[in-house]
Amino acid sequence: QETKTIAVSIPAADHGWTGGVVYHAQEQAKRLEQRYPGLKVIVKTSPDGASQANALEDLTTQGIDALVTLPHNSDELTDPIRQVKQKGVFITVVDRALTDNSVADLYVAGNNPALGRVAGEYIKEKLNGKGNVVVIRGLPIVIDEERNKGFDEGIAGSDIKVLDRQFGNWSRDDAFKVMQDYLSKYPQIDAVWTQDDDMAVGVLEAINQAKRTDIQFVVAGAGMKDMIKKVMDGDKMIPVDILYPPAMVAVAMDLTAAGLYDHLPVRGSYILDATLVTKDNAKDFYYPDSPF
Amino acid sequence: MTDTTANKTAARRSFGDIDLRAVAPFVALAVLLVLGALVNPNFLGLDNLLNVLTRSAFIAIIAVGATFVISAGGLDLSVGSMSAFVAGVMILFMNTGVVAGSLPMLAVAMLLALGIGALCGLANGVITTAGRIEPFIVTLGTMGIFRALTIYLAEGGSIAMKAPDLRAAYRPVYFGNVFGVPIPVLVIIAVALIGAFLLYRTAFGRHVIAVGSNEDVARYSGIPVNRVRTLTYVIQGVCVAIAVLVYVPRLGAATPTTGLLWELQAITAVVIGGTALKGGVGRIWGTICGALILEVVGNIMVLSNFVSEYLIGAVQGAIIIIAMLVQRSLVRRR
Amino acid sequence: MTDTTANKTAARRSFGDIDLRAVAPFVALAVLLVLGALVNPNFLGLDNLLNVLTRSAFIAIIAVGATFVISAGGLDLSVGSMSAFVAGVMILFMNTGVVAGSLPMLAVAMLLALGIGALCGLANGVITTAGRIEPFIVTLGTMGIFRALTIYLAEGGSIAMKAPDLRAAYRPVYFGNVFGVPIPVLVIIAVALIGAFLLYRTAFGRHVIAVGSNEDVARYSGIPVNRVRTLTYVIQGVCVAIAVLVYVPRLGAATPTTGLLWELQAITAVVIGGTALKGGVGRIWGTICGALILEVVGNIMVLSNFVSEYLIGAVQGAIIIIAMLVQRSLVRRR
Amino acid sequence: MVTTARPPLLEAVGISKSFGPVEVLGDINLALEPGEVHAIIGENGAGKSTLMKILAGHLAPTRGELKLDGTPAVLAGPVDAEARGIVLVHQEILLAPDLTVAQNIYLGREIRKGLSVDDKAMNKGAAEAVRALGVDIDPTITVGRLSIAQRQLVQIARALLVPHRVVIFDEPTASLTLTETEALLRVILDIKKKGAAVLFISHRLPEVKEIADRVTVLRDGKLITTRSAEGLEPVDMARLMVGRDVAKLYPDRVATKAEDYALEVEALDVPGYAQGASFKLKRGEILGFAGLVGAGRTELLEGVVGLRPAHGRMKLDGKPVQFVTVRDSMRAGIVYLSEDRKGKGLLLAQKLGINLTLAALGQFLRGMLIDRRKEAKALDDAIAEFDIRTRDKELLAGQLSGGNQQKLLLAKMMLLDPKIVIIDEPTRGIDIGTKEQIYKFIAELAQSGKSVIVISSEMQEVIGVCDRILVMRNGRIVGEVTGEHMTEDEIVVLATGVTSREAAVTAEHA
Ligand SMILES: Nc1ncnc2c1ncn2[C@@H]1O[C@H](COP(=O)(O)OP(=O)(O)OP(=O)(O)O)[C@@H](O)[C@H]1O
Ligand SMILES: Nc1ncnc2c1ncn2[C@@H]1O[C@H](COP(=O)(O)OP(=O)(O)OP(=O)(O)O)[C@@H](O)[C@H]1O
Ligand SMILES: [Mg+2]
Ligand SMILES: [Mg+2]
């Protein structure tokens with residue numbers, strides 16, 4: 001069979017979700033290389049946008065046929081990815097759309113605004129349109145801003161009051177601290193929205209320690225197995241989770257390889273919903289062997 | 001006669017000097033506490049203060065170790081990722097379940113953590129002294145190494161304690177208290193006491209100060225400079241491990257973000273506490289105070305409503321610079 | 001007669017020493033190049049080498065400034081976030097479109113960037129010297145401040161160049177070349193030449209070294225110590241701005257993560273290049289070599305396929321430590 | 001009272017200086033006439049350096065004023081003083097160790113050529129300036145690699161480079177050997193001849209006698225007297241300084257040395273510094289090491305005690321030993337007191353007590369704890385025994401006067417109760433009264449069956465205290481002098497490598 005090379009450029013495993021991305025990318029690479037003899041998949045991680053631009057250059061000089069990339073930041077990486085494309089490489093962009101839509105041949109999208117919106121809508125509904133909510137954001141980057149705006153859209157038109165928004169840096173420890181301080185600051189909180197499941201771990205522990213009963217539930221997102229398990233088990237504090245699976249990178253790789261070898265028409269957009277995981281459908285999203 | 005009087009006055013003056021320099025961080029802390037109370041009445045609530053005190057444990061304990069390293073003229077940038085690594089290995093060991101019974105298992109795991117911490121410190125110390133490389137470079141290197149090993153062990157995800165009973169048995173080490181004093185606070189006090197004892201009252205402590213003050217003089221005085229330096233890194237490693245012992249029961253997991261930037265916080269705490277980065281001075285209690293200052297600033301930031309969340313980093317940076325300015329002007333005015 | 005001979009020998013030996021120490025980083029770089037060639041045949045391709053050289057511009061240029069600061073006994077941890085801040089302001093200014101025409105606009109924006117960089121450096125310098133605070137604390141503080149200001153300006157997102165024609169006009173500054181030599185490489189060479197001239201051939205450079213070597217001596221010799229120190233920070237700020245001038249056309253945006261950890265890389269480049277962190281020695285060309293080493297290590301990591309992605313940080317850390325060990329043993333063997 | 005036509009060049013009127021509440025100078029009046037060499041003598045800690053620093057603008061007086069050419073003047077700082085022609089050669093070495101000799105000499109006043117500095121001119125100028133002092137130092141070598149003596153010379157060269165009317169030398173000869181001292185004295189006479197005034201501090205009274213026109217004596221921060229040097233013999237000076245008779249500087253030696261060897265060194269190489277050194281030290285003996293600056297004495301003995309890598313055979317009390325680190329030799333009962341007391345002897349930024357007990361901390365442990373009371377008592381004892389002049393026990397070591405630092409170092413090392421003591425430049429910068437004490441102390445050590453090695457560039461000193469003298473040149477031991485051969489002439493001949501026959505020949509041709 002013909003030899004082809006797919007390069008995968010993703011962020012480094014610097015917190016839970018990106019860790020999941022790296023895990024799934026590496027696993028999928030092994031699987032694809034088995035499935036398509038002659039296929040070589042190079043997975044490279046980068047800690048920030050500038051290094052990712054470097055990595056893209058380096059990958060291109062090795063001669064590649066397709067690139068699957070989850071860019072750190074759309075604004076920064078649109079041009080470097082465009083340059084790769086100019087070498088005749090098939091481009092698959094994952095999760096974060098580039099500023100120029102014509103660059104990507106295939107776009108496998110996680111929907112960041114939707115993740116926020118679904119969370120907001122759920123909270124609005126569950127609290128009957130009225131209550132006090134605190135928000136713990138991730139890091140001040142674009143994705144976070146998108147989710148945050150989506151959340152505001154979700155609760156729009158209700159009497160839900162967002163008491164506070166602070167950054168938890170997608171870290172359990174920082175989220176724990178912020179939540180402790182929220183609990184000192186606000187005597188009455190009805191619900192908490194954190195942007196991802198990692199941070200929810202810290203939030204739950206802080207609430208647990210304070211023995212506060214006013215908080216009815218926490219909404220997080222991503223689909224970390226511990227959280228899915230809690231939803232499955234009917235944990236009151238975690239009634240739902242919003243899917244934002246790091247495995248989307250595997251889907252993208254799969255489609256790209258299929259395009260290369262099976263000559264399937266894979267161009268276009270492939271949108272993954274920000275699915276609301278509830279007690280009923282949780283078992284479909286529970287992968288006990290995943291590290292994330 | 002006149003001589004004796006002069007002597008007395010001089011002694012008093014110089015004590016006054018030293019006292020002021022040692023007291024300055026505490027004054028800065030007091031000012032911050034007042035500021036906090038003004039910003040939010042809940043700030044002075046017992047719960048909030050205990051929270052802040054308790055969670056300052058990690059940085060405070062690590063910073064005690066850093067006080068040794070820095071006093072001896074060294075630097076350790078690897079403490080943050082070392083924390084993650086030690087925590088990861090400790091949890092993986094607990095997850096194997098090779099020791100029966102929660103308490104025996106905990107005891108063994110804790111010893112293991114301490115041992116690994118000491119070994120990591122030893123590695124830093126030996127490479128720095130035997131290889132005669134700037135500690136900045138060595139520990140920046142090991143920082144990368146420990147962090148990567150942690151991520152490798154976690155396969156990019158997190159390493160969480162699996163056994164619920166073990167987790168339950170361990171939880172009180174962070175969340176428990178003795179007569180209302182949270183256990184982490186007791187640990188801070190114990191570590192600081194031992195640290196102060198080592199640094200101020202033993203020959204080893206004297207040697208640390210001598211090495212940091214002037215390496216040549218120390219060598220010509222028959223002090224085993226390399227051994228002393230190396231030992232400070234080992235102490236740093238053990239302090240990191242102790243911090244981990246208190247850290248793990250809190251969330252029961254090690255993740256890629258565990259200990260991120262702790263090195264900068266620890267060094268900042270040490271410097272705010274009055275220890276000079278060039279070595280030769282070490283102030284354990286100042287360091288503890290520095291760690292508290294950092295945590296209080298963070299707490300005030302969340303409790304206040306004045307600044308946009310985007311600007312918190314700026315305000316924190318400014319407060320720390322201002323705190324140092326206040327300190328300096330205090331000391332200079334005498 | 002005999003006496004003169006003895007003197008000569010001493011002098012010769014010491015010259016040999018200096019040469020080796022200056023050459024050591026280049027030897028380490030050469031070893032790395034060989035390693036790279038073994039790892040991947042594409043490594044020695046012209047494209048790849050030019051890529052690596054070109055992108056090392058940011059760290060190399062910043063590190064030239066850091067060489068001044070460190071030689072004078074200072075430290076600047078704020079350069080990374082300062083880069084983001086300067087880039088952010090520059091792009092926001094370009095987006096206002098107040099100057100008509102691409103080239104005039106670019107020229108004004110560049111001057112603005114240089115001015116802001118110099119001002120940021122001036123702030124670091126003045127707070128450090130006038131406030132007599134450890135530069136570690138000051139620049140850690142301003143690091144937080146610059147970063148937060150960038151985030152504030154970006155409102156949590158990113159700041160991207162809007163006008164496509166401006167973008168097009170600016171692109172060649174990173175992607176263009178003169179007789180095949182990429183423009184960023186020319187900028188590195190120019191900055192290094194000016195830096196070397198300043199440091200080695202002017203009275204100011206002399207004073208920088210003297211201040212870093214022994215502040216008291218410098219003061220007694222009538223050197224305005226604080227002014228010299230402050231100027232090194234201003235130079236650092238200008239170098240940051242120059243790096244930004246080359247950086248912006250590459251990615252066309254500033255984000256809250258722009259320049260993250262550049263401070264550590266710049267300091268590492270300086271130290272690998274043979275400049276001591278305690279001050280009193282400054283090696284501009286060593287610094288450039290240090291920046292290249294860092295970039296080559298990163299490049300080899302991407303080009304090689306031996307190590308798990310999780311372990312890259314560990315291998316990078318190890319390589320840097322080993323490079324330093326090689327250097328040291330070279331110098332020691334004489 | 002004599003009214004001169006011209007006012008004094010520089011005059012101190014009622015100068016006092018206090019550090020905190022401690023007054024170290026009280027009501028000093030001093031007038032410097034053009035074309036005179038004015039010596040200031042006094043015990044360690046008498047306030048000489050402090051006074052000089054005030055005259056050169058480094059310190060501001062607490063009370064009193066300075067007059068330049070008869071008009072009151074306030075010196076804004078050393079730079080201002082230099083601009084007015086007052087230069088000070090510090091007692092301590094104040095040079096940037098990382099810069100070269102030429103760069104140091106021209107620091108702050110670089111010769112420029114357009115934008116850049118003119119290194120060629122500066123190297124040339126520096127070489128000349130150093131050569132004028134009678135030595136040959138490569139101007140492109142970094143100062144950190146020079147010996148203390150060489151640094152001192154560079155420092156002098158630096159001071160003399162600017163136009164000067166008043167030159168203040170604060171113990172310039174303390175670390176110089178005879179030849180260099182003579183050259184320097186010639187330079188001083190030159191300065192004097194050009195009409196400038198010289199202030200000269202030295203503990204070597206014969207030197208003072210040789211060069212000074214007037215002598216001012218300080219004691220405990222007070223001016224005791226200013227006299228013409230004429231007819232003032234060193235003995236008189238000593239009496240004025242110390243306030244009692246210093247009859248005999250060097251103690252009588254009763255030959256007590258046993259016949260067995262305490263230390264035998266055979267074919268010891270200290271790579272780069274000394275080759276094939278062999279010598280034996282008897283028990284109870286005082287052995288001197290003489291030689292020119294840079295002869296390698298310091299390095300050889302540092303090699304012996306394990307401070308430097310060295311290869312060769314050594315026996316201690318007849319048993320073969322090997323010292324890898326200085327700890328080994330200390331445990332075996334050998335201590336080495338460095339000539340570089342600021343760089344290698346004392347922690348200048350730490351208190352006296354911490355310095356005193358640093359090498360012998362083991363003796364002050366009670367269990368794991370340091371016994372602070374015992375430490376405090378040791379400090380009291382040391383202050384008494386070694387006559388350390390400090391008005392405040394809480395001072396930092398760096399705040400002690402130069403001579404008192406030396407005494408503190410001596411006290412520090414003696415706490416180890418060694419069997420063999422190696423003292424490098426034992427009385428560098430020490431006043432005559434204390435010198436007497438130190439010599440007595442060395443003699444007592446030998447008397448009590450210990451062995452002492454004295455490295456000294458002061459020929460009188462080695463001859464006065466030692467039983468036997470080894471002379472080094474260019475890293476080799478080139479000879480030994482004993483008994484009546486212990487004369488300056490014999491030593492100089494060996495140290496310079498000019499044999500007496502050659503010397504005789506040279507003399508004939510001259
Ligand atoms: N910065 C200072 N703070 C407090 N005391 C000081 C300081 N500097 C000097 N002294 C004290 O002032 C006194 C005079 O010191 P000075 O150096 O002038 O003596 P000296 O006559 O030069 O002695 P020596 O011959 O040993 O050099 C000493 O008792 C010294 O301890
Ligand atoms: N670090 C160094 N690197 C190179 N040469 C050095 C270094 N230190 C000293 N030297 C040289 O070694 C030689 C011997 O040193 P030194 O002058 O200390 O010998 P000494 O006989 O003890 O003289 P002194 O009379 O000063 O005690 C000198 O030529 C000196 O310049
Ligand atoms: Mg003096
Ligand atoms: Mg010597």
Side-chain angles (χ1 to χ4, degrees), chain A residues 7-14 19 21-23 25-26 29 40-63 71-80 82-83 87 99-100 137-149 165 167 291, chain C residues 40-43 45-52 54-56 58-59 80 83 91 147-148 150-152 154-162 164 167 171 174-175 247-262 265 295 298-305 308-310 312-313:
Chain A
V8 181
S9 169
I10 49 182
D14 52 12
V21 171
V22 179
Y23 172 81
Q26 287 189 330
K40 195 170 144 213
V41 184
I42 309 170
V43 178
K44 288 295 160 193
T45 62
S46 313
D48 57 68
S51 339
Q52 193 170 23
N54 295 346
L56 290 177
E57 282 176 359
D58 293 345
L59 289 167
T60 319
T61 47
Q62 298 183 63
H72 262 276
N73 180 307
S74 322
D75 282 330
E76 283 182 327
L77 286 151
T78 300
D79 268 3
R82 196 200 318 267
Q83 281 202 310
K87 299 253 159 80
T99 47
D100 179 351
R137 306 180 60 166
L139 277 168
I141 60 176
V142 180
I143 312 154
D144 172 87
E145 193 63 31
E146 286 177 0
R147 293 181 181 180
N148 199 44
K149 286 211 180 92
R165 294 174 208 263
F167 287 102
Chain C
N40 190 321
N42 293 327
F43 176 78
L46 188 63
D47 270 1
N48 187 55
L49 288 183
L50 280 185
N51 277 347
V52 172
T54 309
R55 68 170 86 122
S56 71
F58 318 132
I59 298 301
S83 308
I91 295 176
R147 181 68 65 199
T150 314
I151 295 172
Y152 182 75
E155 294 180 308
S158 66
I159 308 175
M161 280 179 73
K162 282 190 193 135
R167 193 79 217 282
R171 261 183 70 89
Y174 185 83
F175 294 99
Y247 178 83
V248 170
R250 181 177 192 199
L251 301 180
T255 71
T257 55
T258 296
L260 214 58
L261 297 186
W262 280 8
Q265 289 187 48
E295 212 55 67
N299 181 246
I300 293 180
M301 285 297 100
V302 179
L303 291 187
S304 73
N305 285 315
S308 146
E309 275 309 294
Y310 298 133
I312 282 190

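Convention: sequence-line order gives letters A, B, ...; per-chain numbering from 1. Bear in mind the structure is a predicted one, so any value in this text is a computation, not a measurement.
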Proximity breakdown for [X] and chain A, heavy-atom pairs closer than 4.5 Å:
X	result
C:Phe175	side chain
C:Glu295	side chain
C:Phe43	neither
C:Met301	backbone
C:Ile151	side chain

Who among [options] has the most heavy-atom pairs with chain C under 4.5 Å?
options	result
A:Gln83, A:Glu76, A:Glu146	A:Glu76
A:Val43, A:Asn54, A:Asp75	A:Asn54
A:Gly63, A:Ala53, A:Ser74	A:Ala53

Validation row: [X], [Y] side chains within 4.5 angstrom (heavy atoms):
X	Y	value
C:Thr257	A:His72	no
C:Asp47	A:Glu57	no
C:Thr150	C:Thr258	no

>> With a 4.0 Å cut-off on N to O distance, would you call A:Arg147 and A:Asp144 a salt bridge?
In response: no
> Thinking salt bridges, do A:Asp58 and A:Lys44 make one under a 4.0 Å N-O criterion?
Replying inline: no
> Between C:Arg250, C:Arg55, C:Met161, which has the largest tally of heavy atom pairs under 4.5 Å with chain A?
Replying inline: C:Arg55
>> Looking only at heavy atoms and a cut-off of under 4.5 Å, which of C:Ala253, C:Gly298, C:Gly252 has the most pairs with chain A?
In response: C:Ala253
>> Would you say that more than 12 heavy atoms from the other residues, nucleotides or ligands in this model lie under 6.0 Å from the OH of C:Tyr152, or not?
In response: no
> Using 30° and 60° as the class limits, which term best fits the ring planes of C:Tyr174 and C:Phe58: parallel, tilted or perpendicular?
Replying inline: parallel
